[in-house]
Amino acid sequence: MDWKKLADALIPDEDLQPLEYYETLYAPRNLPKGAEVTRLAPSPTGFMHLGNLYVALANERLAHCSGGVLYLRIEDTDSKRKVEGAVDVILSSLRYFGIAFDEGAEIGGDYGPYYQQQRAKIYRAYAKDLIARGRAYACFCTEEELSAVREKQTENKLLPGYYGEFAKCRNLSEEEIYANLAAGKPYVIRFRSEGDVNKKSVFHDEIKGDITVTENNQDVVILKSDGIPTYHFAHAVDDHLMRTTIVIRGEEWLASLPIHIELFGALGFRLPRYGHNCSIQKIDGEDGGRRKLSKRKDPEASLVFYREEGYHPLAVKTYLMTLLNSNFEEWRLKFPAKPLEEFKFSIGKMGKSGALFDLDKLQDISKEILSSLSAEEMFDFLSAWADEYGSAEEKEYFSDREYLLRVLTLCMGVGAKKRRKDFVTAKQALRTISYFFRAPETPAFRADGETVKAVLEKFMDSYDPADDNAAWFDKMKKTADALGFASDMKAYKSAPENYRGNVSDVAEIVRVAMTGHANTPDLCTIMQILGEEECRRRAAAAAQNL
Ligand code: GLU
């Protein structure tokens with residue numbers, strides 16, 4: 001068989017470069033020893049899974065802890081799965097979570113183009129070379145023929161796929177091939193495997209450890225009938241030419257690893273290292289069983305969820321780090337103020353089996369992260385969230401910067417002995433502080449109406465916004481004394497039956513009238529922020545609407 005002639009017939013493109021051209025153009029990177037070149041290679045499906053960020057973070061840490069490079073490649077070869085605006089979803093999610101790429105889609109770089117659609121000629125050049133060397137061939141099988149083969153294999157309990165005796169087009173004669181071409185039959189290009197499924201070897205996976213791999217014997221499709229490469233082929237060509245040193249990808253690709261090992265070999269490429277990452281799981285059902293975090297069932301599987309809820313990106317990243325490396329938490333406890341970047345990330349410490357997602361833990365971390373911000377940083381974070389997701393009313397909160405900063409300073413306990421940890425997300429924080437902007441609609445008091453009225457009237461009679469905390473509390477005590485509540489807690493505790501309650505019950509009434517909540521930061525300061533007029537209005541309204 002004249003393979004070269006066949007290669008010209010199957011891939012007649014006249015504008016392909018010789019392979020040396022690509023090998024020189026995308027020369028090995030000039031990086032220090034040990035520097036890792038990692039990549040993120042999402043398909044633009046319009047959906048970004050939490051797992052995408054998980055892998056992104058691992059890749060980012062590996063590259064940047066080693067003085068290497070992280071790049072972004074958009075795997076857009078599957079036109080059926082393509083969704084309008086999907087690339088923007090990828091880019092904006094990664095930007096929001098602060099994954100810093102050194103090169104790739106949108107920013108460019110020396111190893112581009114970074115959109116696979118734009119690399120069609122490169123794949124065709126390498127496919128043509130495989131054909132010319134007898135390592136790839138045209139397959140004219142129709143869908144019907146392929147499913148008939150599959151059926152036969154299932155019936156006989158044989159390994160499914162296109163291989164050995166089932167690889168009908170593998171041994172077509174020259175005449176048959178040219179006759180098919182002359183008849184205009186559509187064809188795909190398949191790899192000609194030389195593997196033997198009876199041969200097994202040990203492969204070191206950077207995450208899973210040593211695993212046994214069976215040789216590939218499948219003649220997988222490398223170019224589809226439209227000339228576009230499959231994942232397998234594009235992966236080999238791109239990760240070689242972009243000089244990736246380590247491929248971290250979902251464990252769903254583990255089953256294809258033998259194909260990739262053989263493909264890299266046939267192409268004469270050095271195999272990168274691989275780490276197959278476990279999926280993120282959650283506990284589901286009463287039996288405590290685990291299952292994969294599902295795009296369909298779990299809103300928290302989507303990165304959009306965290307943005308809509310207003311989780312701080314650092315909280316999500318910090319939480320994912322606890323899932324990624326088992327020793328991260330210990331490090332963080334030791335150095336709570338250090339940036340994540342200083343943690344020595346190690347791929348060997350990534351979980352071998354599913355990481356368990358725990359929303360409560362994310363919320364605890366979120367509280368901590370938010371409580372470590374300055375009031376100004378919190379202002380900016382909330383404002384950015386409200387711009388995108390807030391209601392018209394919430395957007396208004398930001399019109400008086402000074403006022404909101406006073407609110408945040410109080411609610412976060414900035415300057416106090418201990419920071420408050422009331423805020424979990426931007427959405428929840430804005431709801432929590434809404435009483436600074438709007439009187440509570442129907443404050444719910446524990447006390448009866450008459451008591452509420454008496455307390456509000458009495459206290460507001462004496463209220464003076466110029467009072468400091470001590471003077472303010474004295475007046476609260478006087479109100480208590482006047483209405484039969486104990487102002488002295490000791491006295492109350494020794495004979496509670498002598499009182500209608502104590503000073504904290506009195507303060508609660510004022511608090512609920514002002515804020516609608518029984519628990520808030522310091523009420524005296526809240527009243528100062530609200531202003532005298534507004535406080536009197538709220539007290540009067542509460543007394544009236546009982
Ligand atoms: N485009 C593939 C995916 O989204 C990438 C797998 C890989 O990282 O190689 O699953």
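Note that this is a predicted model, so its numbers are computed, not measured. Numbering of ligands and ligand atoms starts at 1, following listing order.
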Quiz item: Which class fits the ring pair Phe97 and Tyr306: parallel under 30°, tilted 30 to 60°, perpendicular over 60°?
Solution: perpendicular
Practice problem: Please identify which atoms of ligand 1 are closer than 4.0 Å to at least one heavy atom of Arg39. | Solution: 7 (C), 8 (O), 9 (O)
Quiz item: Is there a heavy atom of Ser43 sitting under 4.0 angstrom from any atom of ligand 1?
Solution: yes
Exercise. Run through Phe233, Phe203, Tyr231, Phe191 and flag the one making a ring pair (Phe, Tyr, Trp, His ring centres under 6.0 Å) with His260.
Key: Tyr231
Quiz item: Among Lys292, Arg290, Arg291, whose side chain to side chain donor-acceptor pair (under 3.5 Å) with Gln281 holds?
Solution: Arg290
Quiz item: Which of the atoms in ligand 1, numbered in the order shown and given with their element, are less than 4.0 Å from a heavy-atom of Glu75?
Solution: 1 (N), 2 (C), 5 (C)
Practice problem: Considering only non-hydrogen protein atoms, determine which one is nearest to atom 9 (O) of ligand 1 and report residue, atom name and distance to 0.1 Å. | Solution: Tyr231 OH, 2.4 Å
Exercise. May I ask you to decide if the ring planes of Tyr126 and Tyr22 are parallel, tilted or perpendicular, using 30° and 60° as cut-offs?
Key: tilted
Quiz item: Between Ala41 and ligand 1, is there a nitrogen or oxygen pair with a distance under 3.5 Å?
Solution: yes
Quiz item: So Tyr274 and His235, would you call those rings parallel, tilted or perpendicular, with 30° and 60° as cut-offs?
Solution: perpendicular
Quiz item: Where is the nearest protein heavy atom to atom 10 (O) of ligand 1: which residue, which atom, and how far?
Solution: Trp253 NE1, 3.3 Å
